Structure formats: structure tokens, C-alpha cells
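Here the structure comes first, spelled out in C-alpha cells, and everything after it is commentary.
Computed from a predicted model, the values in this text were never measured in an experiment.
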Amino acid sequence: MICIWNEVVEAGCAFPQEELLDEKTGLDFFASQTYTAVAEADGKIAGLYILHPNNIGRCGHICNASFAVDSRSRGNHIGKQLVQDCIRQARLHHFGILQFNAVVESNICARRLYEKVGFIQLGVIKNGFRMKDGTYANICPYYIEL
């Protein structure tokens with residue numbers, strides 16, 4: 001899980017995190033989530049997601065998730081399986097809305113997937129994401145009512 005997560009962080013074009021996880025920080029990070037799931041292919045972890053509250057108190061019914069698929073496993077619909085499972089788990093954990101705060105506009109595969117399963121784009125935040133190369137890209141928040 002840590003290797004797959006770090007692959008996305010290192011690419012610098014999807015996750016806001018900049019620091020890579022090591023064994024200790026990775027265990028702490030994944031243990032701190034409301035829910036963590038993996039997808040397996042050929043006996044190996046091919047992808048994962050984390051699910052947690054997006055806010056507290058009066059907005060505590062809104063959750064957030066992040067998805068990572070091993071680059072060698074992309075194109076095999078693992079992301080779709082993870083997103084669909086995440087929606088089920090969010091409902092089971094009594095969340096009412098699943099929101100993605102910072103989907104990079106150029107992440108077309110993710111955006112198409114989210115829209116295909118029923119997410120609604122809230123708009124565009126111009127220059128909301130700093131890419132690894134220091135340039136800025138637009139982000140597109142999405143949500144779905146559960």
C-alpha cells in the first residue's frame with residue numbers, strides 16, 4: 001500500500017501530499033483513516049483507497065476519499081471497483097455525501113470515472129493545485145449524494 005501511495009505522491013500530479021510515507025508513517029497514516037480498502041490482482045495489491053470525514057461537526061456527514069492504483073494495473077477497471085466499494089462503505093459509515101476536494105483537471109481518467117458513476121462536478125478552482133514542476137493546474141471538486 002505504501003509503495004502504491006508513494007508512486008502517486010512522487011508523480012506530483014494528483015495527490016496534495018508532498019512527503020513520501022515510510023513504514024512507520026505509512027502504518028500510522030492508513031490506521032488513522034475511517035476506512036481503508038485494497039483491490040488485489042494476481043495475489044498482489046493493485047490499488048487502494050482511504051475514506052475519512054471531510055470536515056467536522058455540522059459538516060461531519062460529508063466524507064472524502066483518495067484512490068491510488070498501481071501504474072502496472074491501470075486500465076483494468078480497478079479504479080471503478082474501488083470507487084464503487086468506497087460509495088458502499090461511505091453509506092455503511094453513515095456519511096451522506098462523498099466529496100472530492102481537489103481532482104486535478106488534467107486527470108481525465110479519474111474525472112470520467114467519477115462522472116460515469118454519478119458524481120457531479122461543482123466547478124473549477126483556477127490554479128488550485130501546484131504540480132511537481134511548480135506550475136499550477138486547475139482543480140475540479142466533485143460530490144455525490146449517498
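- Residues L113 and I144 share a single hydrophobic cluster, defined by chaining ILVMFWY side chains whose heavy atoms lie under 4.5 Å apart.
- Evaluation of the salt bridge (charged side-chain N to carboxylate O under 4.0 Å, His left out) rule for R88 yields D85 as partners, not counting sequence neighbours.
- C59 is not listed as a side-chain neighbour of N54, based on a closest heavy-atom distance of 4.5 Å or more.
- Atom-to-atom distance recorded for C3:SG and K44:NZ is 11.5 Å, nearest 0.5 angstrom.
- Closest non-hydrogen pair, G47 versus I4, comes out as N-CD1, 4.0 Å.
- For the atom pair CG of L98 and CG of L51, the computed distance is 7.0 Å after rounding to the nearest 0.5 Å.
- N138 approaches K126 most closely through the heavy-atom pair OD1-CA, 3.2 Å.
- Separating the CD1 atom in I87 from the CD atom in E145 is a distance of 12.5 Å, to the nearest 0.5 Å.
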Please test R111 against C140 for side chain to side chain contact (heavy atoms under 4.5 Å, CB included), starting from the C-alpha separation and ending with a verdict. CA-CA 9 Å; R111 294 180 61 212; C140 304; 3.8 Å; yes
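- Taking 4.5 Å as the limit, some side-chain heavy atom of I125 sits within range of a side-chain heavy atom of P141.
- Taking each heavy atom of G12 and F129 in turn, the nearest pair found is O-CE2, 3.7 Å.
- No more than 12 heavy atoms of other residues, nucleotides or ligands lie within 6.0 Å of NE2 in H77, so this atom counts as exposed by the packing criterion.
- Looking at E7 and R72, no side-chain N of the basic residue comes within less than 4.0 Å of a carboxylate O on the acidic one, giving no salt bridge.
- F29 approaches I50 most closely through the heavy-atom pair CZ-CD1, 3.5 Å.
- Although no hydrogens or angles enter the test, the distance criterion places no donor-acceptor pair under 3.5 Å between the side chain of Q33 and the main chain of Y35.
- Residues N6 and L20 meet the side-chain proximity criterion, which asks for heavy atoms closer than 4.5 Å.
- Here the CZ-CG distance, from F30 to L21, works out to 6.0 Å after rounding to the nearest 0.5 Å.
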List the steps, then state whether side chain to side chain contact (heavy atoms under 4.5 Å, CB included) holds for F95 with H61. CA-CA 5 Å; F95 290 109; H61 63 290; 5.5 Å; no
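- Listed for the N107 side chain is no donor-acceptor partner under 3.5 Å among the backbone atoms of V104.
- Aromatic ring orientation, F67 versus F100: perpendicular (interplanar angle above 60°, classes split at 30° and 60°).
- V38 and L27 are members of different hydrophobic clusters when ILVMFWY side chains are connected at heavy-atom separations under 4.5 Å.
- In terms of modelled atom types and a separation under 3.5 Å, the side chain of N64 and the main chain of H52 share no donor-acceptor contact.
- Heavy-atom contacts from other residues, nucleotides or ligands closer than 6.0 Å to CD1 of I56 number 12 or fewer.
- Under a hydrophobic clustering in which Ile, Leu, Val, Met, Phe, Trp and Tyr are joined whenever their side-chain heavy atoms come within less than 4.5 Å, directly or via other members, V117 and I97 fall into different clusters.
- I62 is connected to I120 through a chain of hydrophobic side-chain contacts under 4.5 Å among Ile, Leu, Val, Met, Phe, Trp and Tyr, so both are in one cluster.
- Put simply, the side chain of K132 gets close to the backbone of E10: a donor and an acceptor are under 3.5 Å apart.
- Cluster membership check: V69 shares its hydrophobic cluster with V83, using side-chain heavy-atom separations under 4.5 Å among Ile, Leu, Val, Met, Phe, Trp and Tyr.
- The nearest pair of heavy atoms linking L146 to R91 is O-NE, 3.0 Å.
- Interatomic distance, K24 NZ to I2 CD1, rounded to the nearest 0.5 Å: 11.5 Å.
- A distance-only check finds a donor-acceptor pair linking the side chain of D133 to the backbone of T135 [under 3.5 Å].
- Heavy atoms only, all atoms of each residue included: L48 and L82 are closest at N-CD1, 3.5 Å.
- E115 and Y142 share a side-chain donor-acceptor pair at under 3.5 Å.
- A donor and an acceptor atom, one from each side chain of T25 and D28, are nowhere located under 3.5 Å apart.
- Rounding to the nearest 0.5 Å places CG of N101 at 9.5 Å from CG of L122.
- Taking a 6.0 Å sphere around CZ of R74, one finds it holds more than 12 heavy atoms contributed by other residues, nucleotides or ligands.
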